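Read through the structure below, which is laid out as structure tokens, and then see the notes.
Just so you know, these numbers use all the heavy atoms, side chains as well, and skip hydrogens, waters and symmetry mates. Computed from a predicted model, the values in this text were never measured in an experiment.
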Number of protein chains: 2
Amino acid sequence: MARAQVKAEAPLQSFQEFRDRWANTIQNICLDVYNRNRDVITIKKEKVAIGNIMRIMDAVFAISREKGFHSMTLRDLSKKSGLSMGALYSYFSGKEELRAMIRRESVLYATKIIAEQIEQYRNPTDRLKAAIETHIYLSEMLKPWFYFNYMEAANLPRAEKIEAMENELATEKIFIDILGDGVKTGAFKCADVEMTAAVIKAMLQDWYLKPWKYKRKNITVEQYADFVKAFVSTAIS
Amino acid sequence: MARAQVKAEAPLQSFQEFRDRWANTIQNICLDVYNRNRDVITIKKEKVAIGNIMRIMDAVFAISREKGFHSMTLRDLSKKSGLSMGALYSYFSGKEELRAMIRRESVLYATKIIAEQIEQYRNPTDRLKAAIETHIYLSEMLKPWFYFNYMEAANLPRAEKIEAMENELATEKIFIDILGDGVKTGAFKCADVEMTAAVIKAMLQDWYLKPWKYKRKNITVEQYADFVKAFVSTAIS
DNA sequence: GTCTATATAACGATAGAC
DNA sequence: GTCTATCGTTATATAGAC
């Protein structure tokens with residue numbers, strides 16, 4: 001088998017194709033935010049609402065990345081988003097609810113995209129590659145959302161923290177199932193599928209947790225995905 | 001080579017041996033905190049000071065893990081540590097300084113331990129195993145410190161954030177050097193040593209970032225270290 | 001060396017004008 | 001639909017008694 005990891009493996013899908021396939025994802029998430037929170041959002045015109053929700057989200061992510069969500073004051077958010085304190089409160093009922101909204105909607109959307117992307121592949125080898133690639137591409141496309149959710153997960157209220165852990169285990173389950181199938185068909189040799197899935201998850205997350213590192217090294221998202229796919233393949237071959 | 005990852009590899013050192021070798025590490029860190037901050041710490045009796053610093057640290061970690069450092073008020077800290085608001089201010093000059101103290105001292109101590117642990121091994125294969133094992137054991141022994149530093153790194157003031165990134169790159173450099181040596185001697189086959197080091201780092205960090213996951217699976221620190229060592233060996237063989 | 005009590009500043013949230 | 005002005009609360013930090 002010698003050195004499978006040396007030859008650059010071609011991506012199943014280029015990041016550009018993925019991006020085009022899922023264009024308008026952020027607008028759609030914000031639309032869902034609007035529709036699912038009609039009771040607290042007092043704005044009637046959809047166009048106005050979506051536009052402002054997107055500006056609010058952008059501002060939340062920018063400020064939170066700089067100093068954390070808890071350190072972000074609503075005055076910071078008001079200034080950055082261009083909306084007044086009063087206007088902000090017509091889009092969410094409070095700071096905590098704003099954070100919960102972000103997590104809820106992005107998780108729903110991400111789950112949907114992952115499922116749709118992977119279902120087109122059949123054999124374990126391709127499915128594993130697709131799962132790795134999709135997770136990394138998705139986290140690149142929604143990087144601010146993913147980063148925000150990860151960093152805030154630690155400080156959630158009890159009930160929501162449990163939800164977040166279950167969500168982590170659910171994405172891990174995708175890998176456990178694929179690895180399990182591959183072991184059964186003989187495609188993979190894997191000492192412990194659960195542990196393997198866990199470390200794969202850790203590698204996937206590193207892409208959006210430490211963007212500065214990969215920017216510094218001039219690694220593109222496709223290069224990162226290819227490397228992880230090759231590294232994992234070799235480790236389980 | 002077939003299935004190196006299947007047979008359980010014995011640890012170079014048991015976690016118990018490591019723990020004994022570095023007994024009193026936490027007291028020593030707190031002693032360093034005391035000595036290096038004599039100018040702001042007004043307490044004269046060393047014994048009293050060390051004891052209270054340790055209680056403060058424990059309380060900081062407990063509260064921060066629950067709801068984040070920024071959400072922790074000094075009233076929370078006062079209550080948990082058993083010291084009054086006034087007393088706390090004789091141990092640090094402010095909340096921000098407290099956070100900086102924790103990072104500074106733990107990084108110094110961790111660097112020292114890693115260097116001393118690895119230097120006893122010569123060939124790349126052993127050195128790689130020692131580096132992986134040491135990082136994981138160390139993060140287990142100082143788990144609250146490591147977790148705190150990681151989670152707060154994102155919200156640091158600019159100058160300190162750069163320091164934290166340089167620190168991450170320095171530990172990564174240890175792996176880059178070992179992998180580079182191994183490639184040269186032919187012990188490893190490695191497509192990209194920098195990327196390999198980066199994903200190894202991600203796997204190491206997962207141990208202290210998601211303790212709930214490994215507790216759930218009943219994975220011990222030795223089992224985790226052994227798994228990562230075997231997984232990486234296979235991936236670069 | 002540690003405490004209680006309080007000064008001062010900033011926070012999230014809302015009422016009411018436009 | 002958005003704004004300004006302001007309320008009540010809570011934060012960090014300190015002064016001074018013990």
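A salt bridge does not link A:Asp58 with A:Arg55: none of the charged nitrogens is closer than 4.0 Å to a carboxylate oxygen. A salt bridge does not link B:Lys80 to B:Glu66: none of the charged side-chain nitrogens sits closer than 4.0 Å to a carboxylate oxygen.
The side chain to side chain donor-acceptor pair (under 3.5 Å) with B:Gln205 is formed by just one residue from the set B:His135, B:Lys210, B:Glu168; it is B:Glu168.
When rounded to the nearest whole Å, the span between NZ of A:Lys45 and C1' of D:dT2 equals 12 Å. Here the C1' atom of nucleotide D:dG1 and the OH atom of A:Tyr34 are 12 Å apart, to the nearest Å. Spacing between atom CG of B:Leu77 and atom P of C:dT2 amounts to 14 Å, rounded to whole angstrom units. For the pair B:Asp76 CG and D:dA11 P, the computed distance is 7 Å after rounding to whole Å. Atom CD1 of A:Ile63 and atom C1' of C:dC11 are 15 Å apart (whole Å). B:Lys95 has its NZ atom 15 Å from the P atom of C:dA10, to the nearest Å. Counting to the nearest Å, the P atom of D:dT4 and the NZ atom of A:Lys79 are 14 Å from each other. The separation between A:Leu88 atom CG and D:dA5 atom P is 17 Å, rounded to whole Å.
Checking C:dG1, C:dG12, C:dT2 against the side-chain heavy atoms of A:Arg75 singles out C:dG12 as nearest. Distances from the side chain of A:Leu74 to the nucleotides C:dT2, C:dA13, D:dT14 place C:dA13 closest. Among the nucleotides C:dG12, D:dT2, C:dG1, the one closest to any side-chain atom of A:Ser90 is D:dT2. Each of C:dG1, D:dT14, D:dG1 was ranked by its minimum atom distance to the side chain of B:Met85; first place goes to D:dT14.
Using modelled atom types, one finds a donor on one side chain and an acceptor on the other under 3.5 Å when comparing A:Gln16 with A:Asp20.
Mapping A:Thr73 and A:Gly86 onto DNA chain C by nearest heavy atom places A:Thr73 closer to the 5' end of the strand. Toward the 5' end of DNA chain D, the nearer of the two residues B:His70 and A:Thr42, judged by each one's closest nucleotide, is A:Thr42.
A:Ser84 comes within 4.0 angstrom of a nucleotide base, judged by non-hydrogen atoms across all strands. Nucleic acid contact class of A:Asn52 (heavy atoms, under 4.0 Å, all strands): sugar-phosphate only. At a threshold of 4.0 angstrom between heavy atoms, the contacts of A:Phe92 with the nucleic acid are absent.
Listed pair A:Tyr91 / D:dT2 meets the phosphate criterion, a side-chain N or O lying under 4.0 Å from OP1 or OP2. Between C:dT14 and A:Tyr89, no contact under 4.0 Å exists linking OP1 or OP2 to a side-chain N or O.
For A:Tyr137 and A:Phe15, the distance between ring centers is under 6.0 angstrom.
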